[in-house]
Amino acid sequence: MKPDFTRKLLQWNKSSNTRAMPWKGEKDPYKIWLSEIILQQTRVEQGWSYYEKFIAAFPTILHLARANEEKVFKMWEGLGYYSRCKNLIATARTIASEYKGKFPNTYDQIEALPGIGPYTASAISSFAFNAPHAVLDGNVQRIIARYFGITTPIDTTAGKKLFQTLAQSLLHHDEPGIYNQAIMDFGAVICKPQNPLCSDCVQKKECEAFKQNAVTQLPVKQKAIVRKERWFYYFIIECKGKWYIRQRTGKDIWENLFEFVLFESPAAVEDLTVKLPFLKKLVNGQACQIESISRMYRQQLTHQTIHGRFVKLKVQEALPALNHFLLIDKKQLSEYAFPRFITTFLGEPAPPAQLF
DNA sequence: AAATCGGGGTA
DNA sequence: TACCCAGATTT
């Protein structure tokens with residue numbers, strides 16, 4: 001017995017859903033997987049061009065598995081959540097070696113791969129293999145919370161369990177892939193976070209939130225976001241025509257991306273000349289010519305606000321304190337993946353020369 | 001269970 | 001500014 005919700009959703013999908021995306025209807029598990037990783041916590045419009053770029057560069061999972069890691073990161077540059085990229089490469093290589101390049105076809109095998117959790121495993125296994133697993137993403141959580149009028153927070157253990165159970169109960173078992181695609185499209189197009197199109201909605205007669213005029217209050221989230229302020233001062237140090245860069249390694253933002261010489265301060269720094277102890281220690285008495293100090297940059301992320309400036313300077317001799325850095329040609333800069341905070345600066349015209 | 005991991009669009 | 005986005009992983 002098909003729930004009324006399911007029947008109406010599929011009817012809406014057939015008659016009115018015009019949403020088109022490059023990966024929609026795709027049956028190649030590699031392409032489905034790639035699109036799903038790109039789209040984790042990422043809007044479709046934002047991920048779209050990355051998907052096309054990746055498919056063009058790596059037509060099959062074996063192409064991706066063989067690719068140079070830094071080249072893949074460069075292609076991911078700007079998309080955020082860079083552990084996705086690390087896991088993307090790891091999974092491609094695992095499938096190449098452990099599965100002879102053939103994507104596994106069961107939910108459990110898929111979910112065991114790095115970077116793939118319950119949502120992505122459900123999406124891949126239903127789209128590619130017609131496995132009966134209901135997806136639970138932000139769209140589905142919102143639809144279910146509103147349709148059933150559920151005030152249990154979605155970001156709690158109890159909430160996740162409840163919503164997953166309800167999502168599964170609504171699944172259309174004959175065509176799980178089509179159903180899963182339809183419910184996400186429905187959430188994106190009709191049951192939107194803001195300004196949902198309730199008057200056009202085929203579910204409005206049964207929707208508890210609509211009946212109680214509580215649509216805008218659902219779903220409920222428990223945790224509020226806490227933001228941390230950080231000040232990043234980057235020193236772009238040129239030596240004999242080359243620049244010092246390094247790869248970020250710590251368990252921190254932008255892991256695996258490249259950066260210049262960083263001085264992070266617990267608060268704003270006024271004097272960025274050689275009087276700054278960090279810089280003084282770095283050049284260790286060597287003559288040092290400061291070429292420019294940038295404007296104040298600010299980037300708002302989900303959990304932190306980054307403030308900072310870029311200081312360009314030249315030294316004549318290599319700095320022993322930077323032994324573990326790479327010294328690269330300016331032309332090679334475009335081969336390395338940098339955070340947006342840095343590429344934004346690099347993309348802006350240089351200010352007129354100044355004396356310090 | 002809570003904290004983190006980016007970046008960008010929208011109201 | 002606050003919230004959200006085809007979530008996953010670590011602490």
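Just so it is clear, the model here is predicted, and its values are computed rather than measured. In the text below, chain A, chain B and the rest are named by the order of the sequence lines, each starting its count at 1.
The base of B:dG8 does not come close enough to the side chain of A:Q46 for any donor and acceptor atom to sit less than 3.5 Å apart. Counting distance only, with no hydrogens placed and no angle test, the side-chain atoms of A:T302 and the base atoms of B:dG6 include a donor-acceptor pair under 3.5 Å.
Both A:F341 and A:D155 lie close to DNA chain B; mapped to their nearest nucleotides by heavy-atom distance, the more 5′-ward contact belongs to A:D155. Each of A:P339 and A:Q222 has a nearest nucleotide on DNA chain B; the 5'-most of these lies closest to A:Q222.
In the set C:dC5, B:dA2, B:dG7, B:dA2 carries the atom at the smallest distance from any side-chain atom of A:K223. Of the candidate nucleotides C:dG7, C:dT1, B:dG7, C:dT1 has the atom lying nearest to any side-chain atom of A:R298. If you check C:dG7, B:dA11, C:dA6 against the side chain of A:N195, the one that comes closest is B:dA11. For A:K221, the side-chain atoms get nearest to C:dC4 when compared with the rest of C:dG7, B:dG7, C:dC4.
Atom CD of A:Q194 and atom P of C:dT1 are 17 Å apart (whole Å). What separates OH of A:Y50 from P of C:dA6 is a distance of 17 Å, to the nearest Å. Following rounding to the nearest Å, A:R248 (CZ) and B:dG6 (C1') show an atom-to-atom distance of 12 Å. Protein atom CD1 of A:I225 is 12 Å distant from nucleotide atom C1' of C:dC5, rounded to whole Å. Nucleotide C:dG7 holds its C1' atom 9 Å from the OH atom of A:Y119, rounded to whole Å.
Residues from residues 80-95 of chain A lying near DNA chain B, meaning a heavy-atom separation below 4.0 Å, are A:G80, A:Y81, A:Y82 in numerical order. For residues 13-42 of chain A, proximity to DNA chain B is found at A:Q41, A:T42, defined as any non-hydrogen atom under 4.0 angstrom from a strand atom.
For B:dG9 and C:dA8, the C1' atoms lie 23 Å apart once the distance is rounded to whole Å. On the P atoms, C:dT11 is 14 Å away from B:dG6, given to the nearest whole Å.
Note: A:F129 and A:Y107 fail the aromatic proximity criterion, with ring centroids not under 6.0 Å apart.
Distances shown here put every side-chain N or O of A:Q141 at or beyond 4.0 Å from the OP1 or OP2 atom of C:dG7.
Using a 4.5 Å heavy-atom threshold, the side chains of A:D185 and A:K24 count as touching. You'll find the side chain of A:Y119 reaches within 4.5 Å of the side chain of A:E36, heavy atoms only.
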